[in-house]
Visitor: 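Okay, handing you the structure first.
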Number of protein chains: 2
Amino acid sequence: MDAAAVRKVRSFNRTTAERIGALSDGFLGRGRPMGESRTLWEVGQDGAEVRELRARLGLDSGYASRVLQSLERQGLVKVRPSGADARVRQVELTPAGVAECAELDRRADRVAWSFLEPLPVDKRANLVNAMVEVDRLLQASTVVFGVEDPTTADAQWCIQQYFDELNQRFETGFDPTRGIQAEAHELMAPAGALMIARLRGRPVGCGALKFHGRAPAELKRMWVSRDARGLGLGRRLLAELERHAIASGVKVVRLETNRTLKEAIALYRSSGYREVQRFNDEPYAHHWFEKRLRKGS
Amino acid sequence: MDAAAVRKVRSFNRTTAERIGALSDGFLGRGRPMGESRTLWEVGQDGAEVRELRARLGLDSGYASRVLQSLERQGLVKVRPSGADARVRQVELTPAGVAECAELDRRADRVAWSFLEPLPVDKRANLVNAMVEVDRLLQASTVVFGVEDPTTADAQWCIQQYFDELNQRFETGFDPTRGIQAEAHELMAPAGALMIARLRGRPVGCGALKFHGRAPAELKRMWVSRDARGLGLGRRLLAELERHAIASGVKVVRLETNRTLKEAIALYRSSGYREVQRFNDEPYAHHWFEKRLRKGS
DNA sequence: TCCATTCTCTGACCTTAGTCAGAGAAATCC
DNA sequence: GGATTTCTCTGACTAAGGTCAGAGAATGGA
């Protein structure tokens, strides 16, 4: 733990928390409790189902019900039974609600501008650049990893992204029907596992394991979204997969990879994988790696 | 208002508020209401008077009283009448309170570290650098300007800083007893005004006006602290002084300055001051400027 | 000495933001 | 067709974080 760096981060935390908190609450509240403003905002232009709203904002059903009643009394939203299923209720903004949302939007803009406005023009650009950098790098620490069902739309999307990436990068292109397959059922317990990395719920990376009993497990489908690279996600994903493998009784992990995937190869090497003799006949592979897992790692 | 920049600032606000808020509350609360933790922290190693504590934290007297009682019941602080004035009460940490503060400190360190920890080492440095930049530039928007009594210790300190700066920069050094004086009473209403810029209560700049009835007012004592330069404070200070001058019925402001003060000269020129013939015999001056004030400016 | 002020405490009250345990209606499963 | 599940609402309750109006003691100034 780097003490000087920690001191700077704490100073940053204090300054920004104060600055953002003070302004946002006073300015965006509009005399209304913040919970109502947040809900109003979340209903948005397109309306939403109450259950979906509750899930997004993490509200208790009783609490959500009362917040919506209050907004309805203020004439900002209209709640009515959904057409398809009369149990679920559909919330929509009234014209007054739309106007109020627009006002909140303008106010949030003004809060943002109040950070920039006092600065000379060139410093404004510096501040924005630094904020973009902080934003991006902070997001890395909010990424969550989890083993998921490989048949869901999100999982399929990740795997498609992975295929697209390979197709772009391999000198020969990539055809998923050639070479060694990994069907969805092979990536589900107990045959295997698919781990997905999510940023604010959006998938930004994946990686999979195929178990082979006492024989080495295979590592497959390692992919990190283009806009989330350079944040160390690949390494964390690999570590999570190894942890999961150890927990499943795996002793050795092996993988094959293509020579064009330089960052991946560097990642494997620096994570303790050593290159071994070809152990399968994957047509797209140039390198084969293996690692003996240990509890501590 | 630059829409693209505003969008980036808003994204930054959202990310950091979420990240800092979520972690800090859960982690620093220690099962205790946050108000108590904040108060405990503010009492600090040296103890404090209750009224001072209230002022710093902006608490109601009744509320503060109850928070302190609760902390006392937990054995973390000791409240007793102050020696000098039996109305005011002095708060001090008990040994348990000192230990608890140290624990809070360690936790705040861990929160800070949790931002850096998931990142690869080189990105950690990038994040810290960007945070330092944001921290510094955001502070600019928290600076407040106000006309103050020139006889206070803070005001005297600012003027001394100004003299020291001149003494370092003038080729000939600077002796405040030579040249045209501006005594404290000349900078007080109705003869003049001293404006001080403060960052978190600490003075970081000053500037003064001397009124001469219908004749042009004089601008004096423009100074910005070394560590707050490059944030556009000089320009804002000048604008505030001009606003104050207009409100006091001033039509024209003039000033003299030394050729070594290049940034100041550039500021005057770009703020609408034009160079005029020498209008006094200030021995340290090389340039004389004048500006006709207008309501809108 | 007396009056006004300062500082703290107490009691009464308030809002926000929840949580929890049902109840009732609609939909789905078997 | 009946049982179970899903979704929403209501009522009762809680904690945190405050506000406001005095009361009482100590102090300072005329």
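By convention in this document, chain letters (A, B, ...) are assigned in the order of the sequence lines, proteins followed by strands, and residues within each chain are numbered from 1.
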Visitor: Taking B/Gln139 for the side chain and B/Leu199 for the main chain, is one N or O donor matched with an acceptor at less than 3.5 Å?
Guide: no
Visitor: So, is B/Arg89 close to the C/dC9 phosphate, meaning a side-chain N or O under 4.0 Å from OP1 or OP2?
Guide: yes
Visitor: So which nucleotide from D/dG17, C/dA17, D/dT6 ends up closest to the side chain of A/Arg51?
Guide: D/dT6
Visitor: Is there a donor and acceptor pair closer than 3.5 Å between the side chain of B/Arg87 and the base of C/dT8?
Guide: no
Visitor: Take A/Glu100 and A/Arg30 through the salt bridge (Lys or Arg N to Asp or Glu O under 4.0 Å) test and state the conclusion after the steps.
Guide: CA-CA 10 Å; A/Glu100 183 60 23; A/Arg30 297 272 282 148; 3.0 Å; yes
Visitor: What integer distance in Å separates A/Leu71:CG from C/dA17:P?
Guide: 12 Å
Visitor: Would you please confirm or rule out a distance under 4.0 Å between OP1 or OP2 of D/dT8 and any side-chain N or O of A/Arg54?
Guide: yes
Visitor: Check this for me: does the side-chain of B/Arg38 come within 3.5 Å of the base of D/dG17 through a donor and an acceptor?
Guide: no
Visitor: Does the side chain of A/Gln74 pick up a donor-acceptor pair with the side chain of A/Glu36 at under 3.5 Å?
Guide: yes
Visitor: When you measure from the side-chain N and O atoms of B/Gln69 to the phosphate of C/dT10, is any distance below 4.0 Å, counting only OP1 and OP2?
Guide: yes
Visitor: Taking atom P of D/dC9 as reference, at what distance in whole Å does atom CZ of A/Arg80 sit?
Guide: 14 Å
Visitor: Regarding B/Asp85, tell me which of base, sugar-phosphate or nothing describes its non-hydrogen contacts under 4.0 Å with the strands shown.
Guide: sugar-phosphate
Visitor: Measure CZ/B/Arg73 against C1'/C/dC9 and give the value in whole Å, please.
Guide: 14 Å
Visitor: Closer to the 5' end of DNA chain C via nearest nucleotide, is it B/Ala64 or A/Leu59?
Guide: B/Ala64
Visitor: What's the CD-P distance between A/Glu36 and C/dT15, to the nearest Å?
Guide: 13 Å
Visitor: Return the value, rounded to whole Å, for the distance between atom CE of A/Met34 and atom C1' of C/dA17.
Guide: 13 Å
Visitor: Provide, to the nearest angstrom, the distance between the CD atom belonging to B/Gln90 and the C1' atom belonging to C/dT8.
Guide: 14 Å
Visitor: On DNA chain C, compare the nucleotides closest to A/Gly31 and B/Tyr63; which residue's is nearer the 5' end?
Guide: B/Tyr63
Visitor: Sub-3.5 Å donor-acceptor pair from the side chain of B/Ser65 to the main-chain atoms of B/Ser61, do we have one?
Guide: no
Visitor: Measure CD/A/Glu49 against C1'/D/dC7 and give the value in whole Å, please.
Guide: 10 Å
Visitor: When the distance from CG of B/Leu53 to P of C/dC9 is rounded to whole Å, what number comes out?
Guide: 11 Å
Visitor: Out of D/dT10, D/dC7, D/dT19, which nucleotide sits closest to the side chain of A/Ser65?
Guide: D/dT10
Visitor: So does B/Arg66 reach the base of C/dG11 with its side chain, donor to acceptor, closer than 3.5 Å?
Guide: yes
Visitor: Verify whether one side chain among B/Thr142 and B/Arg200 offers a donor that lies under 3.5 Å from an acceptor in the other.
Guide: no
Visitor: Give A/Gly35 one of three labels, base, sugar-phosphate or nothing, depending on what nucleic acid heavy atoms sit under 4.0 Å from its own.
Guide: sugar-phosphate
